Each structure stands twice: as structure tokens, then as C-alpha cells.
Amino acid sequence: MAAQSAGGGGRPTVRTLATLLGPAYVWLLLTIFLPLSAMLYFSFLSDVPVGAREAELTLENYAAFFERDFYRSLMLRSFQLGAVVTGLCLLIGFPCAYILAKSIKGRAREALFLLVILPFWTNALVRVFSWTMVLRGNGVLERAVNAVFPEVGPLGLMFTYPAIVVGLVHSYLPYMILTCYVSLQAIDDDVIDAARALGAGWGTILRRLVLPLAAPGMIAGAVLIFVPVIGSFMEPRILGGTQGTFIGTVIEDQFTAVFNWPLGAALSFLMLGFVLALFALAAPAFRRLDG
Amino acid sequence: MAAVSVSGVSKRFGPVQALDGVSLDFANGGFFALLGPSGCGKTTLLRLIAGFDAPDAGQIGIGGERVDGTPVERRNVGMMFQSYALFPNMTVADNVGFGLRVRSVPWPERRRRVGEALDLVHLSGLGDRRPHQLSGGQRQRVALARAIVIAPRVLLLDEPLSALDKALRVSMQVELRRIQREVGITTIFVTHDQEEALSLSDRIGILRDGRLVQEGPPRALYERPATAFAATFLGEANLFAGPVDGGRISLGDGAALCPSGPPDPGAATATVAVRPEKMRVTAAATVPETGWNWLDAVVEQHIFTGSSLTYLLAWRGGSLKVFEQTLGEAVAVPGEAVRVVWRPEHTVPVMP
């Protein structure tokens with residue numbers, strides 16, 4: 001992408017920059033960096049340093065991850081969940097964003113956009129619980145399906161892996177639609193017409209033009225979805241039941257149930273490390289797509 | 001045979017009748033300008049010929065073959081857009097080679113033809129650049145090279161020069177004409193700029209409100225406009241209207257104009273157009289040469305523009321404009337009463 005040149009007002013002074021950037025960075029420092037540093041410190045302690053408990057520095061919490069298959073397979077399972085949910089969001093969200101950006105104009109687009117954003121206006125917990133109404137045995141979906149096809153019987157969707165995926169895709173789909181929409185919207189219609197005039201069919205236009213030009217939006221959407229999904233605990237817990245054990249739920253347990261903050265913190269940082277490593281590996285591919 | 005023929009084509013977009021029964025033939029190898037104000041349907045006609053839209057009625061033929069049902073990607077037309085529409089994710093060479101790649105032209109031939117096309121538009125050596133690294137004029141040349149490299153049956157240009165500044169536009173006009181002649185490709189060119197249409201094309205079609213007003217070579221259109229609109233849109237014109245009296249157009253008070261040809265015999269009134277440069281400002285009460293038309297007016301302003309002088313005059317029936325070359329003769333000053341004279345053959349009857 002071409003860099004935007006500074007506006008007509010000349011170069012902002014250092015003081016203006018400091019005044020405008022300062023509050024945001026001070027806020028980020030206080031609310032993210034400090035607690036995160038504290039967490040990093042915790043992750044090297046042997047116990048929670050509360051009251052009379054004695055805590056000493058140790059690598060045990062990190063060692064636990066590498067010694068026990070349980071955590072490793074959970075981490076892998078979470079990354080798989082992230083990949084599946086991100087992939088489904090891309091598969092469902094990209095065509096939707098394309099139609100919104102290129103085919104629908106005016107009020108109809110506004111209305112359809114509102115429907116995309118609507119889930120954001122409801123509480124996340126409410127959204128997930130409303131899915132239990134739909135997915136549970138004798139729930140809305142099962143009754144509807146059986147009303148049309150009585151021979152189907154119970155669907156058994158509740159407390160399964162697919163139920164978790166459904167809930168997560170529903171929660172995160174708007175991110176993909178919005179980021180893809182922004183990058184698709186920026187593609188000049190004439191560019192697509194020009195390709196058609198040169199003899200390109202839809203497949204070629206999609207492969208050689210639309211996908212490369214929309215890549216920044218797709219990547220942004222994928223990152224926005226992938227990271228929170230692998231750390232998610234609410235959807236797996238509520239919709240997954242006994243199937244809903246992921247690294248996110250285990251971390252949450254360490255903080256809320258088991259009261260083993262150091263282990264929870266260590267697992268969190270390991271997750272962060274794996275995410276960063278994954279992005280570092282994917283960076284060359286991203287750059288190529290970004291063209 | 002005409003390279004492109006359009007017959008009885010109509011197109012409606014919702015409540016707007018964009019084109020209404022337009023018929024036009026575009027000669028092989030010609031450079032044709034579609035001229036008209038914005039909203040006249042000229043771009044719609046271009047897009048119908050390209051195949052982006054289908055006409056509601058009428059037929060479109062390219063190279064003697066009906067193409068109404070053929071989608072744009074199979075019509076083999078070269079289209080250049082006002083925005084240039086270069087592919088931002090590809091290099092200049094990949095932009096130009098796109099159409100060849102789609103046609104599965106093998107790489108060595110593709111490279112040769114892309115090189116030739118870039119040579120033609122004087123951009124050789126810039127093949128590795130990205131569109132955003134080019135100037136406006138260079139982008140336009142890339143767009144042109146991309147459109148002609150596929151050897152299209154017809155080249156369609158949608159307001160190709162309007163995004164350029166004046167100096168660049170003039171040099172691109174010359175360039176465009178050179179390239180068109182060199183390649184010998186039938187070219188249809190949409191513009192709202194009458195000067196551009198006059199200087200570039202060998203035929204012009206004037207469109208207004210979705211209808212073809214007049215079509216012909218630039219000179220003929222300029223000298224013999226068919227309607228008052230054609231006269232005023234293509235160049236400037238003074239219009240006079242009045243009742244027809246013995247083959248002359250009466251302007252009241254005994255003054256009358258002799259037109260270049262007999263006015264419509266059935267009509268009670270007639271309109272004539274006179275180009276400002278055909279008129280001459282002379283001293284008041286000058287006796288005009290036999291048969292010349294004349295009327296008395298008062299100078300309101302004279303505007304010196306270097307090689308010529310523009311008089312804005314007022315006469316009984318309204319205002320007049322006269323262009324005169326600056327030959328160092330005496331100049332009438334504002335407020336002066338003058339007589340404006342011109343030949344009858346420059347008094348062209350037009351449809352109102």
C-alpha cells in the first residue's frame with residue numbers, strides 16, 4: 001500500500017505528536033504492559049504470593065507444559081479449533097463481503113450491514129446462551145428439523161465440537177465480513193471491468209485480482225479471529241460441555257478454580273509465544289499476498 | 001464494411017432512458033468521437049459496444065457479426081477507462097501481458113508482444129514498475145498498451161484524457177493519434193470536450209439525451225450544424241430566429257437575413273446559426289457588399305486574447321459574439337455603434 005502523505009498543514013511538531021499520541025500510549029502502558037509484566041513475573045513463581053504463602057522463582061510451570069502431553073495436545077487442539085473457525089469465517093464471510101461491496105448499493109446495503117453488525121450489540125454471554133436454546137436436545141433446531149423430517153430423530157448437537165465451532169463462527173464472523181468489505185470496497189469496479197474486457201473469466205479475475213487485492217483484509221480478519229478463538233473459554237464451556245476442554249478453558253481454571261496463577265500465566269505466555277511464532281512463519285506468505 | 005455497427009439501440013436504467021434508438025456505423029480504421037454533455041448516453045453506448053451491458057432493443061455488430069449475446073470477455077475489444085483501471089498488484093509488464101496470458105499465449109511470444117506494445121507507447125524499460133510508481137501520463141500509456149496488445153477488433157476509449165492536465169492532454173492527443181494511425185485500429189472515443197473531438201477524430205457523433213443529433217466529419221459538422229444544439233455545443237454560434245418571409249428570415253424593423261440555403265418551405269419560422277469568426281465588425285452605416293447579411297449593434301466589451309479579439313455586442317434582438325483576428329486594425333471600443341456583416345453562405349439554417 002502506498003503511504004499517505006501528510007496533509008496540507010505541513011509537518012506536525014514533536015509537541016503536537018506527543019500530545020496526540022501520549023494519552024493512548026500511557027493508557028496502553030498502564031493497562032496492558034504493567035499487568036502483563038506482572039503476569040510474566042507470576043509465571044516464574046512457584047506459588048501465588050498471597051498472605052503467608054512462600055513463593056520462589058522457578059521454571060517448573062513452563063517445564064510442566066513440555067513434560068505433560070495433556071497441555072501439548074490441548075494447545076494443538078486449540079490451534080486446530082482456531083484454524084477451523086477462521087477458515088469457516090473466511091469461507092462464509094468473504095463471499096458475503098464481496099456481494100455487499102460490489103453488487104448491492106444504497107439502502108439495501110445499509111440494511112444488510114446492520115444485520116452483520118447486530119450481533120455486536122448484544123452481550124457475548126447472551127449470544128452464546130441463545131445458541132444453547134437452538135442446539136440443545138428438543139431445542140429449536142431439533143424440533144424444526146423433525147417437524148419437516150420426522151424420521152431424523154435427535155440431532156445430538158449440544159455439547160459437541162461442532163456446537164463450539166457454530167458458536168465461535170457466529171461470534172467472530174462479523175470481523176471477517178467487515179475487514180474483507182473494507183479491502184474489497186477499495187477495488188475500483190473499472191479494474192474488474194478492465195480484466196473482463198481483456199478476456200478474463202470470473203475464475204481468473206478472482207484468482208489474479210480480487211483475492212490478491214483483498215488479501216490485506218482477509219489477513220487482518222484472520223488475525224482478529226484466530227487469536228481470540230484459540231484463547232476462548234466461554235463458547236467451549238457453554239456449548240462444548242465435556243467436549244469443551246481447550247487451552248483457554250484450562251488457563252481460566254488455573255485462575256478461577258484451581259488458584260494456580262503461575263501455571264495459568266505460564267500457559268498464557270506459551271500460547272502467546274506459539275501465536276507469535278506462527279505469525280513469524282506465515283509472514284513471508286502474507287507479504288507475498290500483500291503484493 | 002463498417003467495423004462496428006449500431007442499429008436502433010435503446011437502453012433504459014430505471015426511470016432514465018439512457019439511449020433512444022441510436023444507429024451509427026463506425027468505419028474500419030477510423031477514429032470516431034462520441035461527443036455530448038454528461039448524461040447524454042455516450043458512455044452507455046460505449047459500454048454496450050464493449051458488452052458490459054446488453055441493449056434493451058436494437059442490434060450491435062462488430063466486424064459484420066452480431067455480438068448482442070456475446071459477453072464482454074469474448075468480444076475481443078480493447079477498452080481504456082477514464083481511471084485507467086490498471087491492476088495495482090501487478091507490474092507494468094504483467095498489466096500489459098494480462099490479456100495475452102488469459103489467451104494462453106506462450107511466454108516467449110507474450111514477452112515479445114508486451115515489449116512491442118511498451119515500445120509503441122514509449123515506455124520500454126518501465127516494465128518492472130508498479131502502477132503507483134508511474135505518473136498520470138505514464139499510467140495512461142500503460143492502459144493504452146494493455147488495450148491494444150491483444151489486437152482487439154475495436155479500441156474503445158472512455159474519456160481517456162480528462163484526468164490529465166492541459167499541457168499533457170495536448171501532447172497525449174498527438175500521441176494517441178499517432179498510435180492509432182500506426183496500429184490502424186478502429187477507435188471509438190467518448191468525450192465531452194468538443195476541441196478534443198474536433199482535433200482527434202475523423203468523424204464525430206453528437207449525442208444529446210440518448211439520441212444521435214448529428215454525425216459526420218468534424219469540418220462538415222462545424223460548418224453545417226443540423227440543430228441549434230449541435231451549433232452551440234460544437235464550437236460557438238450566434239443564433240437568430242424569426243418568421244420566414246420570401247426565403248429570408250425577418251428580424252423585425254425591416255431587417256432580414258438571407259440564409260445559405262432555402263429554409264424549410266413548410267415552416268413559418270426559421271432559426272439560423274452564424275459562427276462568431278465568420279462575422280466582421282465594421283463602422284456604423286458601412287454599406288455591406290451586395291447580398292451580405294448585416295445588423296447594427298453596440299459594442300459592450302472587447303476581450304483581447306493574444307491572436308484574436310472577442311467582441312461582445314448587443315443588438316436589438318439580444319447579444320452577439322464576434323471573433324476577429326488581431327491584424328493591427330482599428331478596434332471598436334465599448335459603447336461604440338457598429339455594423340456587423342457576414343456572408344449569406346455562413347448563415348446556416350438549423351433545427352431549433
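All of these numbers come straight from a predicted model, not from anything done at the bench. Each chain gets a letter, A, B and so on, in the order the sequences are listed, and its residues count up from 1.
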Does B:Arg177, at its CZ atom, have more than 12 non-hydrogen atoms belonging to other residues, nucleotides or ligands within less than 6.0 Å? yes
Tell me if the CZ atom of A:Phe33 is crowded by more than 12 foreign heavy atoms within 6.0 Å. no
Enumerate by number any residue of residues 31-61 of chain B whose heavy atoms lie under 4.5 Å from heavy atoms of chain A; in the absence of such residues, state 'none'. B:Arg47, B:Phe52
Heavy-atom count check: over 12 atoms from other residues, nucleotides or ligands less than 6.0 Å from B:Arg111 CZ? no
Is there a side chain to side chain contact (heavy atoms under 4.5 Å, CB included) between B:Phe81 and A:Asp188 once you walk through the steps? CA-CA 11 Å; B:Phe81 295 81; A:Asp188 187 354; over 6 Å; no
Give the intermediate values and the outcome of side chain to side chain contact (heavy atoms under 4.5 Å, CB included) for residues A:Leu198 and B:Val102. CA-CA 8 Å; A:Leu198 289 168; B:Val102 167; 5.7 Å; no
Is B:Asp165 atom CG crowded by more than 12 heavy atoms from other residues, nucleotides or ligands, each under 6.0 Å away? yes
Per-residue contact mode, B:Leu86 against chain A (heavy atom under 4.5 angstrom): backbone
Stepwise side chain to side chain contact (heavy atoms under 4.5 Å, CB included) test for B:Phe98 and A:Arg208: CA-CA 10 Å; B:Phe98 186 86; A:Arg208 303 273 326 266; 4.1 Å; yes
Could you look at B:Arg103 and say if it's the side chain, the backbone, both or neither that has a heavy atom under 4.5 Å from chain A? side chain
Taking a cut-off of under 4.5 angstrom between non-hydrogen atoms, the residues of residues 87-111 of chain A near chain B are none
Which portion of B:Val72 sits near chain A, non-hydrogen atoms under 4.5 angstrom: both
Give me the atom names and distance for the closest heavy-atom approach of B:Ile150 to A:Ala197. CD1-O, 4.4 Å
More than 12 heavy atoms of other residues, nucleotides or ligands under 6.0 Å from OH of A:Tyr25: yes or no? no
Identify which of A:Ile187, A:Val191, A:Thr204, A:Asp189 forms the greatest number of heavy-atom pairs closer than 4.5 Å to chain B. A:Val191
d(A:Leu213 CG, B:Met90 CE) to nearest 0.5 Å is 8.0 Å
Please flag which part of A:Asp193 lies under 4.5 Å from any non-hydrogen atom of chain B: side chain, backbone, both or neither. both
Supply the atom-to-atom distance A:Arg196 CZ to B:Arg74 CZ, rounded to the nearest 0.5 angstrom. 11.0 Å
Any chance you could measure A:Asp190, atom CG, to B:Asp158, atom CG, to the nearest 0.5 Å? 7.5 Å
